Amino acid sequence: MTLTTRFLEARKAAILTDFANLNPMQLEAVSATEGPLLLLAGAGSGKTTVIINRIANILRYGSATDSDEAPDNLEEEDVAALEYLAANPDPNWRERMAPLLRLSPALPWEVLAITFTNKAAGELKSRLEAMLGPSGNDVWASTFHSCCVRILRRNIERLGGWTKGFTIYDTADSKALLKRIMKDLDIDDKLLPTNYLMSIFGKVKDNMQSAEDFADSAQSNNDPKIKSAARVFTEYQKRLKESNAMDFDDLVYITVRLLNEYSDVREYYQRKFRYVLVDEFQDTNKLQYKLVSLLSGGNKNLCVVGDDDQGIYKFRGATIDNILGFEKEFRNCRVIRLEQNYRSTENILIAANAVISKNIDRKGKTLWTDNAEGEPVTLKIVMNEREESDTVALLIRDAVSSGDNYRDFAILYRTNAQSFNFENSFRRYNIPHRVYGGLRFFDRAEIKDMAAYLSVIVNPNDDLRLLRIINKPPRGIGERTIEIASQLAFEKGLSLFDVISNVPSYHELAYSAVKLGQFVSVINGLIEKMAVFGNKLDMLYDELLEDSGYLAMLSTKKELKNGEGRRENILELKSTLLDYISRTGEDATLADYLNEISLYSNLEDGEDGDNTVTLMTIHSAKGLEFPTVFLVGAEENIFPSSRSIGEREEMEEERRLCYVALTRAKKKLWVLAAKSRMLYGRTTNNLPSRFLGDIPNLQVVKPAAETEHAPKPKPKTVIPTSQVPLFLRSDPVNLSPIPPPKAPSMKFVSLYKDDKIIHKAFGEGVIAAITPQVTGDVILEINFKTAGTKKLMQKTAMQYISKLTEVSGDAPE
DNA sequence: ATCATAACGCTTTTT
DNA sequence: GCGTTATGAT
């Protein structure tokens, strides 16, 4: 063996002693620093630890564990010292030998680590800091969007049209803008719902096409809907630009365009980022992939980390093809699988592996563990949703009384609506709990109002946000005035604020000139105060609450019971401001603060320490773990959702979602299914989820039908696995016994043509026609004696209608 | 300008 | 079943 070979081996071995608590596969991932790397990391396989250690390796030792490069003047003495170090690890000595160990180590800001959520980015940062000290903070650990914002701030002016103070529109802003445009263009928003438009726009941008590209291709399209969508799209992008704004998709799309079109910018970042790492790669869409491949294009040190079995965001454009296609794109890429699970018991993994193995679109991977077999996975079948939540409450109460903590438990469900019953039961049983999801802090109306005020102060040309606040609190600027002013702005090519700042020049606005003038001076006054206060943004905020009259509105007005809560929220927003100021000090600017909050929208992350039960959707549980998990609502049409039944790809996504749910559990996994469930105002009877039929080691517990409360000891009817009903199995053969769709609910059918009815509001009438709709509802056409003929939706109208008694021939109910 | 009634829709979610 | 939105009446 040559001296060089010995040196290379010893160097690597010596370095790896710095990462002693990793298993061989993890070590391999940590040492593979150079070139493209696909890291398939199963659930609970220590993925984040690997990412942290890999970055630490890059910063401390550079490419040394992955390079054949050795010093020219090697001495036997050096090599022997390294070999000794490898065999007898000692931190101090390793430090002293560092010059021999490292090979062009990277500087922190030469490493880019991209995640999806701020939470994940924050966790990455704090763990890097814990391992590397303050320099860990200089690693670019950020979300796709905040990374793009950073790049755009520096370079956006190259593209023309935006300035570096651009505003970021969130989804609600975008929707509001779309509604505005449809009104102006006189397009029916029933034909083109905003959700539909947004998904089109998103797809177009994901394919690297502009609104103009879309309009061009729409020309030859016969569908008038597509043609109108193209018009709206073009106008939408135009107005964004005029308002110096971008939506979430634009942040990435425009960054990609910038990097594509300007080679100097591209080369700058390619040189800067010697190492690029992407987490949750299975959740990236094409555009995001394009972005990272552009950024890492220089040296191709691109490491993507993901788990194809945990891709659950196809519905928002993520494509599993990115992970499945990575190897094709990078022929020479290395693939490392992390399959050892440190989280769950064997029983839990058997269940999870069994469920996911039915998928076709996957790379194939089987988790294994050294952990104990553990308790069985238990299915409990209950009568209805009420019994479901009570059962869980009792199980938790019992477990806590024998020593467990509330925080050991999580309730995972498919849809947010399912949380309701659990909240009720837990309240009744005094179980502290915390519901994640639902309405977010920054989505609250009063918070959006305040943010809109602040935005307008920074950028008065932001028409959309100006419109939001122009009459909030009510200051006598009505719809008509707004209409006229907008029209003027549109005609003259000015911003709305330009127009209302010059009221005297427009005779059309004479009627509300005074009110508009007052409003403009409030805004101008605040703009001046911003200049005076400088970075004392909290003082500016106080002035804003005063001058706008917003606080007064909440206090004096009969803002019912909500006023108090809203005031608290507004003050809470101030504390985020103060927090921002304390972090940035001298450099604090309002524009910067607004950007931060527009990319960071949940305020609830901080309070992890509470000892409470967690309630969340399976989606939000990804990445988390709990000693005991209750997967609830495991019924056909709920989970898997009815929308996915019959669609292979959708069903595979549901199955991955199930896999995610099962692998959250560390020690004990409960699954619950209700025979009957009230959902959307209807009671439905669903079979247990098909996924349950795939779990070979499922213990089924069926409580004897019992009275509602009665906290009794656990009812125990254990059905051996072999007796799990056949219909549970998801083999294609057994799919047939799904009940045929039922006829429309009988409750409504007791109305017939020519029936005489009385309506609470419209009085007496006769039913002229009954037209069933595809949606399952029915349109009633009724001739009223006094109110004329009306068409009413039966679903809604029934609560106001009673049949007149003399009508005979009742249908059987 | 503000309230009341009727319509309607309704996975999952981050940025 | 419930909360949000659009529209029409005061």
Side-chain angles (χ1 to χ4, degrees), chain A residues 114-121 142-149 168-175 179 183 189-190 193-195 202 246-252 280 283-285 288 311-318 385 412-418 420-421 436-440 442-443 445 471 473-481 557-558 595-602 616-622 633 637-645 650 653-654 656-657 660-661 678-683 759-762 773 775-777 779 790-800:
Chain A
I114 297 191
T115 62
F116 267 84
T117 65
N118 289 303
K119 197 176 172 186
S142 68
T143 64
F144 275 102
H145 293 83
S146 58
C147 169
C148 288
V149 170
I168 300 164
Y169 275 16
D170 68 16
T171 314
D173 293 331
S174 300
K175 285 186 179 173
K179 290 216 161 131
K183 216 167 221 170
D189 60 356
K190 295 230 165 56
T194 49
N195 281 332
M246 285 185 209
D247 68 15
F248 285 138
D249 289 336
D250 284 342
L251 292 177
V252 184
E280 305 284 13
D283 291 336
T284 50
N285 61 29
Q288 289 163 330
I312 54 176
Y313 287 108
K314 182 172 168 289
F315 70 91
R316 67 180 194 210
E385 73 278 359
L412 305 185
Y413 34 76
R414 181 64 178 75
T415 69
N416 279 311
Q418 287 166 257
F420 183 73
N421 293 301
Y436 290 78
L439 191 60
R440 278 191 217 99
F442 285 99
D443 288 339
N471 200 31
R475 43 173 77 89
I477 301 173
E479 209 171 324
R480 188 74 196 117
T481 307
K557 235 188 117 194
K558 55 184 184 203
N595 272 309
E596 202 170 287
I597 65 170
S598 58
L599 290 178
Y600 196 98
S601 56
N602 41 355
M616 55 171 54
T617 61
I618 303 166
H619 282 91
S620 2
K622 191 161 77 147
N637 296 316
I638 308 271
F639 189 31
S641 123
S642 54
R643 310 261 268 234
S644 62
I645 288 172
E650 305 283 323
E653 178 137 322
E654 296 283 312
R656 291 192 291 271
L657 195 54
V660 168
M678 173 98 99
L679 203 68
Y680 301 136
R682 286 241 156 116
T683 302
H759 187 280
K760 256 189 179 169
F762 304 129
Q773 301 297 107
T775 57
D777 204 347
I779 292 179
K790 302 233 177 236
K791 283 184 184 168
L792 303 172
M793 298 301 286
Q794 176 168 250
K795 209 197 228 173
T796 314
M798 274 315 279
Q799 55 200 79
Y800 307 107

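Remember, predicted model here, so these are calculated numbers, not experimental data. The sequence lines fix the lettering, A, B, ..., with proteins before strands; numbering per chain opens at 1. Computation of the quantities below employed the complete heavy-atom set of this structure, encompassing side-chain atoms and omitting hydrogens, waters and symmetry-equivalent molecules.
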Q: Considering just the side-chain nitrogens and oxygens of A:Lys179, establish if one lies under 4.0 Å of OP1 or OP2 belonging to C:dA6.
A: yes
Just how far, in rounded Å, is [atom2] of [N] from [atom1] of [X]?
X: A:Arg480; N: B:dA1; atom1: CZ; atom2: C1'; result: 16 Å
X: A:Ile168; N: B:dT15; atom1: CD1; atom2: C1'; result: 9 Å
X: A:Ile312; N: B:dT11; atom1: CD1; atom2: P; result: 17 Å
X: A:Ile114; N: B:dT14; atom1: CD1; atom2: P; result: 19 Å
X: A:Asn195; N: B:dT14; atom1: CG; atom2: P; result: 16 Å

Q.
If we ignore hydrogens and angles and just use 3.5 Å, is the side chain of A:His145 paired with the main-chain N or O of A:Leu251 as donor and acceptor?
A. no
Q: Ignoring hydrogens and angles, tell me if any N or O in the side chain of A:Glu654 forms a donor-acceptor pair with the backbone of A:Ser641 under 3.5 Å.
A: yes
(Q) Within 90° of 0 counts as syn, otherwise anti: where does B:dT11 fall? (A) syn
Heavy atoms under 4.0 Å, any strand shown: does [X] hit a base, just sugar-phosphate, or nothing?
X: A:Asp170; answer: nothing
X: A:Ser644; answer: nothing
X: A:Asn416; answer: sugar-phosphate

Q. For A:Glu280, what residues pass the side-chain contact (heavy atoms from CB on, under 4.5 Å) criterion, not counting sequence neighbours?
A. A:Lys47, A:Phe116, A:Gln282, A:Asp283, A:Lys622
Q. Can you list the residues that meet the side-chain contact (heavy atoms from CB on, under 4.5 Å) rule with A:Asn421, with sequence neighbours excluded?
A. A:Glu385, A:Ser389
Q.
Going by centres under 5.5 angstrom and planes under 30 degrees, do the aromatic ring of A:Phe315 and the base ring of B:dT12 stack?
A. yes
